[in-house]
Amino acid sequence: MNAGVIRALVGLHVRQVAADRASLFWLFGMPMMFTVLMGMMFGDMNAGPREAPELTVFDGSRGPAARGLIEALGGHEAFRVVVADSAGSWETARALVDAGSRTAALHIPAAFDADLAAGRTAALSLAYDPDRASAQTARTVLEEAVLRLEFLAAGRRAAAGFDEARFDALWRDPRITLEVRTLGRLGGEPQPSALAGFSSGFQHTGPSYTLMFVLMFMLMSVRDVVTERRNGTLRRLRLAAASPWLLAVGLFLGPVAVGLVQAAVLLGLNLLLPGMDYGDSPGALVLTMVLFTAVSSALALCIATFCRTPGQADGLGMTASMLMAALGGLWWPLEVVPGFMQKIALALPTGQAVTVFHNMIGRGWGLAGNAGHLAALAAMLAVLLALAAARFRRLVD
Amino acid sequence: MLRVLVTKDIRRWWSDRQAVVVTLLLPLMLTAVLGISFGGFGGGAPEIEAIPLALVGDPPSLLRDPLDRALAESGLFAPVWCDSAEADRLVRKGEARAAVVLPADLQDLLSSERVAIGVWKDPGSVLQADIVEQILRRGLLRVQGGEAVYLAAWPADGFPSAGEPDPFGDLLEGDSLAAIWRRLRDRSPEVAAARAKLEAILDHQAALHDAFETSAVALTVVDRTGQEAKGVGPSTNMFDYILPGMGVFFLMFAAAAAAGDLHRERAGGTLRRLLVAPLGNSDLLVGKWLFAMLNGLLQLAVLFAAGKLLFRMNLGTDLLALPLAAIATSAMLASLFLPLALLTANEKQMGTISTGVTLFMALVGGNFISVDQMPPALQAAGRFTPNYWANRTFSDIVVHGRGAADILPRVAVLFGIAAALLAVAVAIYRRRGGKAGLL
């Protein structure tokens, strides 16, 4: 083996990437931007105090029962209650939610308190935006408050000596309670994240966008190999006593070197984000990134052998990276998709790698616990390398 | 002359068929992935797999069997009974999403003692463990409320504390109805008192049952579509939400590729030949803009037609609205990358920057996640991205069923952005010496 040729090819690729400042932004700036913004969208993420979405209440009744209902809605982090100055109308409430300026709007009609006091069924209307988590929480809290009113009214109707103070005491401090805890290494930590098992949304977005941009940068570089082939550079290198095998190894290892630097920098920068860590096994972390980077590079080389024009390379590279990111659970946690989609995800390197990260962070698993996933990544690498080498030999020979 | 330029560009684009197919198929494929992940194929309701659930406790079969049946019939859970060590193992390995730990002595549930029901959640679960907790909380709230209202109405009916005599409990002790009946028939004063208490409790239960017959509050919940909400979650076809965003996202890539054609023509030498033709001062630029716009229109037409056929998506009620939005969006996106094409040195640099710009704008402008779900600062930033206005316009038509008249203000914004960016491109072109500057 002529190690000099391989070294030269790797060095050339690294120098080409480093010389292009736009590439550097693409390698490091863009992934961090995605990690931070998407992490913020997954939950609180300690992003500093911010105003919660508004639930507007139009209280036409202004009686004690309506006030009690509004009080029960208060004090939640997900939304803030604002009682409108005017009684408003149901149409106004709906228009506000429809326009997207309120997460939800509650309309309490003028007869609400009078109906409750007279034992008649009192009407209540909520307009809400089901796409927003804050609106779903508001709806749940309102339904609980309405349930309390139902119990209260039933108690009054059923017994003359109904003790409302005792009811309130028992409602607030029930005898039978629920004790909830999350097992695993993060079990004792506070969880402001929308992702229940994690203490920070960055624990999903940090690894996910590192994986996605490592893969994407490699697949977007496929056009370089195609251009070199079209320009005849590869054939010239072949004539300069480099075997197809050596050329393939050089073109495979160059992106691997860049990918590993990119992954190391991104994973390091991610550690600056609140609540971010990668578990307790540096060995599993390093092996996962080495295998994933190698699989991505082998895939890029494979795709390059199938493309005839840079346009095709761009299209296929983008298609493959986007589909593998979406299907593999880099855009959202795999648990939210149906079972068969989870199986498809595990057939992809993205699905295997992100599962290892989740196991390391949430469950505290190391090399042994993740052995199956790491073996799957190694198998994918072997298959893709064999295919790339075979295709590449036919192209340049 | 413009017609000739545009025809030439269309022919060049069409000559690389594989690239064309990929360009048209990619948004459809991604839309399908997103739609199937969250909405089921063909716009069905989102489906959740039965949640593997560990149950810890030793209830009598009288309680366990109907509970098992109810859980299985709900389709929501796949329960398995086990001891606490096994439940801990199952949850930590992710083989059960949660474990529900019942009190060691189920009699405690019917006593005056404080009792806790445990829920252990899988650290790798982001959704299903929460569903288990929420369902339990809701169910338990009814039990807690029932106990509160009963004891507030008839405090004397409360369970005796530990160590206190419990003649009523003793009366019902036993494992067969015959034994209980024989005790009830006993004429002793103690049993008579216990029997009287049982009658009072049954009377109270009946009174409370009757009281619940009349609902105190009729709560109506309406979502943004105006439909009465039956469950929590989006109420329309998921593809209506996803496809327009994906369409605009990939149209940005297509627009960047169309603008980048200037670099390809320069590298291939065809630009030099074109510039010696009798072209007007800005004809070349306007020609590229027209090509990009037609290309975008075709892509949107294919996407929405496929969306209708494959995913049964809603295309709105007004026949004019969607074409109007598509033309305005294509015009805006065709202008978007022309200034960048004139400012960058080569196709690779242009590709790198335009892809970065596209991804950033897609993220902030609401192509991946609705702007409404973002933190307020990002919502405000999103309004400054051109794609935000395109996303909103399509969303108005497809999700909210609005017509051409309703979307006119947003269409005007899109055309305004298109005109402004085209003017910027022309200004850069002229400042750099017109035709000569392109070489």
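A, B, ... follow the sequence lines: proteins, then strands. Residue 1 opens every chain.
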Part of [X] within contact of chain B (heavy atom distance under 4.5 Å):
{"X": "A:Ile344", "answer": "neither"}
{"X": "A:Phe217", "answer": "neither"}
{"X": "A:Glu164", "answer": "neither"}
{"X": "A:Leu116", "answer": "side chain"}
{"X": "A:Arg120", "answer": "backbone"}
{"X": "A:Met341", "answer": "side chain"}
{"X": "A:Asp224", "answer": "side chain"}

Is the closest basic N to carboxylate O distance between [X] and [Y] below 4.0 Å?
{"X": "B:Arg97", "Y": "A:Glu335", "result": "yes"}
{"X": "A:Asp98", "Y": "B:Arg402", "result": "yes"}
{"X": "A:Arg181", "Y": "B:Glu133", "result": "no"}
{"X": "A:Glu143", "Y": "B:Arg138", "result": "yes"}
{"X": "B:Arg114", "Y": "A:Asp173", "result": "yes"}

Taking side chain as everything from C-beta outward and backbone as N, CA, C, O, which of these in B:Val143 sits under 4.5 Å from a heavy atom of chain A? Side chain, backbone, both or neither. side chain

Relative to chain A, which segment of B:Phe253 carries a heavy atom at a distance below 4.5 Å: side chain, backbone, both, or neither? side chain

Closest contact, heavy atoms only, [X] versus [Y]:
{"X": "B:Gln144", "Y": "A:Thr177", "value": "NE2-CA, 4.2 Å"}
{"X": "B:Thr355", "Y": "A:Met318", "value": "CG2-CE, 4.0 Å"}
{"X": "A:Arg175", "Y": "B:Glu113", "value": "NH1-O, 2.7 Å"}
{"X": "B:Lys93", "Y": "A:Trp365", "value": "CA-CZ2, 3.8 Å"}
{"X": "B:Arg142", "Y": "A:Leu147", "value": "NH1-CD1, 3.5 Å"}
{"X": "B:Ala152", "Y": "A:Phe162", "value": "CB-CE1, 3.6 Å"}

Could you tell me the separation between the [atom1] atom of [X] and the [atom2] atom of [Y], rounded to the nearest 0.5 Å?
{"X": "B:Leu219", "Y": "A:Leu106", "atom1": "CG", "atom2": "CG", "answer": "8.0 Å"}
{"X": "A:Arg94", "Y": "B:Asp223", "atom1": "CZ", "atom2": "CG", "answer": "9.0 Å"}
{"X": "A:Asp163", "Y": "B:Trp154", "atom1": "CG", "atom2": "CH2", "answer": "13.0 Å"}

Relative to chain A, which of [options] shows the most heavy atom pairs under 4.5 Å?
{"options": "B:Val115, B:Val100, B:Asp210", "answer": "B:Val115"}
{"options": "B:Leu208, B:Leu151, B:Asp88", "answer": "B:Leu151"}
{"options": "B:Val91, B:Ile353, B:Leu140", "answer": "B:Leu140"}
{"options": "B:Ala207, B:Ala116, B:Ala206", "answer": "B:Ala116"}
{"options": "B:Gln349, B:Gln134, B:Glu147, B:His204", "answer": "B:Glu147"}

Side-chain heavy-atom pair [X], [Y] within 4.5 angstrom cut-off:
{"X": "B:Leu359", "Y": "A:Phe213", "answer": "yes"}
{"X": "B:Val119", "Y": "A:Glu179", "answer": "no"}
{"X": "A:Leu178", "Y": "B:Leu136", "answer": "yes"}
{"X": "B:Thr214", "Y": "A:Thr121", "answer": "yes"}
{"X": "B:Val222", "Y": "A:Leu126", "answer": "no"}

Quick check for you: among [options], which has the greatest number of heavy-atom pairs under 4.5 Å with chain B?
{"options": "A:Ala158, A:Gly364, A:Ala169", "result": "A:Ala158"}
{"options": "A:Gly155, A:Gly339, A:Ala123", "result": "A:Gly339"}
{"options": "A:Ala326, A:Ser125, A:Cys307", "result": "A:Ser125"}
{"options": "A:Glu144, A:Arg166, A:Arg363", "result": "A:Arg363"}

May I have the step-by-step check of salt bridge (Lys or Arg N to Asp or Glu O under 4.0 Å) for B:Glu213 and A:Arg157, ending in yes or no? CA-CA 11 Å; B:Glu213 288 291 304; A:Arg157 272 196 294 267; over 6 Å; no

Could you walk me through whether B:Leu141 and A:Phe151 pass the side chain to side chain contact (heavy atoms under 4.5 Å, CB included) check? CA-CA 11 Å; B:Leu141 190 66; A:Phe151 278 118; over 6 Å; no

Residue among B:Thr220, B:Val217, B:Val221 satisfying side-chain contact (heavy atoms from CB on, under 4.5 Å) with A:Leu124: B:Val217

